[in-house]
Amino acid sequence: MRADTACPRCAGRLRAPNAWSSDWWCQTHGAVLPRQPAKRPNRDGMCAVVRDARVPVWLPWPLPKGWLVTGFTTVGDDRTGARAVAVALAGPGLLHGPADLLLVAEEPGVGLGAHFAGLPGPDPGLGFDTDPPHVKLEAGGASGHGVSMWAVPSGADRAAYVGEAKGLWLWTVLWPAEAGALMLERPPLLDLREPGMEISVPFGAPSPLLDT
């Protein structure tokens with residue numbers, strides 16, 4: 001697993017803050033928030049993410065049959081808190097073979113979701129929501145709301161959707177591309193930061209996608 005901070009937009013190495021600047025600096029994208037090393041898929045890793053998150057920590061719940069949580073990564077530092085959170089999951093695809101899913105919640109301009117989707121980023125760009133939404137998800141449990149999601153152009157090996165929930169970007173990125181059919185199941189999403197969230201989350205092996 002990657003052990004150092006990286007740019008959320010390109011996964012490149014960062015220059016740490018110093019006596020002359022409080023910014024983390026990417027040679028390609030300039031001042032950015034730092035993407036932290038992935039946290040292992042276990043309860044301690046999950047609790048650390050929930051504690052630091054300034055954005056939702058979305059999780060499909062109940063999980064699709066056979067699916068496991070395979071890790072977490074965040075963007076931000078001790079000063080800013082986590083301004084983007086990615087939750088990785090893996091399980092059987094609807095059509096054939098295994099599939100992977102990343103759920104990303106982030107503030108505009110961070111760029112983590114666009115990076116995983118294979119877009120130049122940092123956001124989905126103008127006009128992505130011109131047509132009717134391709135799918136709607138329920139986010140936030142019983143007190144939640146519908147979130148319109150649009151498919152966006154991505155790499156040939158994945159399917160990516162983006163929408164807005166609680167004034168923040170919500171991205172879902174699935175591998176392989178045909179795993180995008182899972183979105184038609186409209187899995188409801190819970191924010192693990194909500195008070196009294198008592199669920200037993202099953203964990204699997206760490207996802208290599210969080211190191212890309």
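For clarity, every value in this text was computed on a predicted model and none was experimentally measured.
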Heavy-atom side-chain contact between C10 and H29 under 4.5 Å: yes

Salt bridge (Lys or Arg N to Asp or Glu O under 4.0 Å) contacts touching residues 148-161 (sequence neighbours left out): none

G163 versus M149, closest heavy-atom pair with distance: N-SD, 3.6 Å

V50 reachable from I199 in the ILVMFWY side-chain graph, under 4.5 Å edges: yes

Those residues that, when tested against T80, pass side-chain hydrogen bond (donor to acceptor under 3.5 Å, both in side chains) (two or more places apart): D77

Partners passing side-chain contact (heavy atoms from CB on, under 4.5 Å) against A181 (at least two apart in sequence or in another chain): L94

Whether over 12 other heavy atoms sit under 6.0 Å from L184 CG: yes

Minimum-distance pair of heavy atoms, taken over all atoms of S154 and A160: OG-N, 3.8 Å

Q36/T5 under side-chain contact (heavy atoms from CB on, under 4.5 Å): CA gap, chis, key distance, verdict: CA-CA 5 Å; Q36 299 296 330; T5 54; 3.6 Å; yes

Qualifying residue for side-chain contact (heavy atoms from CB on, under 4.5 Å) with V57, from T74, L190, D191: D191

Residues in ring pair (Phe, Tyr, Trp, His ring centres under 6.0 Å) contact with F128, at least two apart in sequence or another chain: W150, W169

Heavy-atom side-chain contact between K39 and D44 under 4.5 Å: no

Side chains of L170 and L189 in contact at under 4.5 Å (non-hydrogen atoms): yes

Donor-acceptor contact present, side-chain D23 to main-chain W25, <3.5 Å: no

For the student: nearest non-hydrogen atoms of P92 and G66, plus distance: CD-O, 3.6 Å

Verify same cluster id: V104, V32 (apolar side-chain graph, 4.5 Å): no

Nearest-0.5 Å distance that lies between atom NZ in K136 and atom CZ in R186: 8.0 Å

Salt bridge (Lys or Arg N to Asp or Glu O under 4.0 Å) contacts touching residues 99-121 (sequence neighbours left out): R83-E107

N/O donor-acceptor pair under 3.5 Å between T70 side chain and G204 backbone: no

CZ-CG distance between R35 and L210, expressed to the nearest 0.5 angstrom: 7.0 Å

Hydrophobic cluster identity match, F116 and L14, side-chain contacts under 4.5 Å: no

Heavy-atom side-chain proximity of V85 to D52 below 4.5 angstrom: no

Closest heavy-atom pair and its distance - V147, E164: CG1-O, 3.5 Å

ILVMFWY network linking L103 to F203, side-chain heavy atoms under 4.5 angstrom: yes

Rounded distance [0.5 Å steps], CG in L33 versus SG in C26: 12.5 Å

A99 to P176 - nearest heavy-atom pair and separation: CA-CD, 4.3 Å

Audit row: V173, L209, side-chain contact (heavy atoms from CB on, under 4.5 Å) steps and yes/no: CA-CA 11 Å; V173 188; L209 293 171; over 6 Å; no

Donor-acceptor pair, side chain of H134 and main chain of V152, under 3.5 angstrom: no

side-chain contact (heavy atoms from CB on, under 4.5 Å) against A105, all qualifying residues, sequence neighbours excluded: V55, P56, W58

Shared hydrophobic cluster for V201 and L68 (ILVMFWY, side-chain gaps under 4.5 Å): no

Shortest non-hydrogen contact between P60 and P187, atoms and distance: CB-CB, 4.1 Å

From CG (L101) to CG (L63), nearest 0.5 Å: 10.0 Å

Point-to-point distance, once rounded to the nearest 0.5 Å, from CE of M46 to CG of L59: 8.0 Å

Interatomic distance, R13 atom CZ to Q27 atom CD [nearest 0.5 angstrom]: 11.0 Å

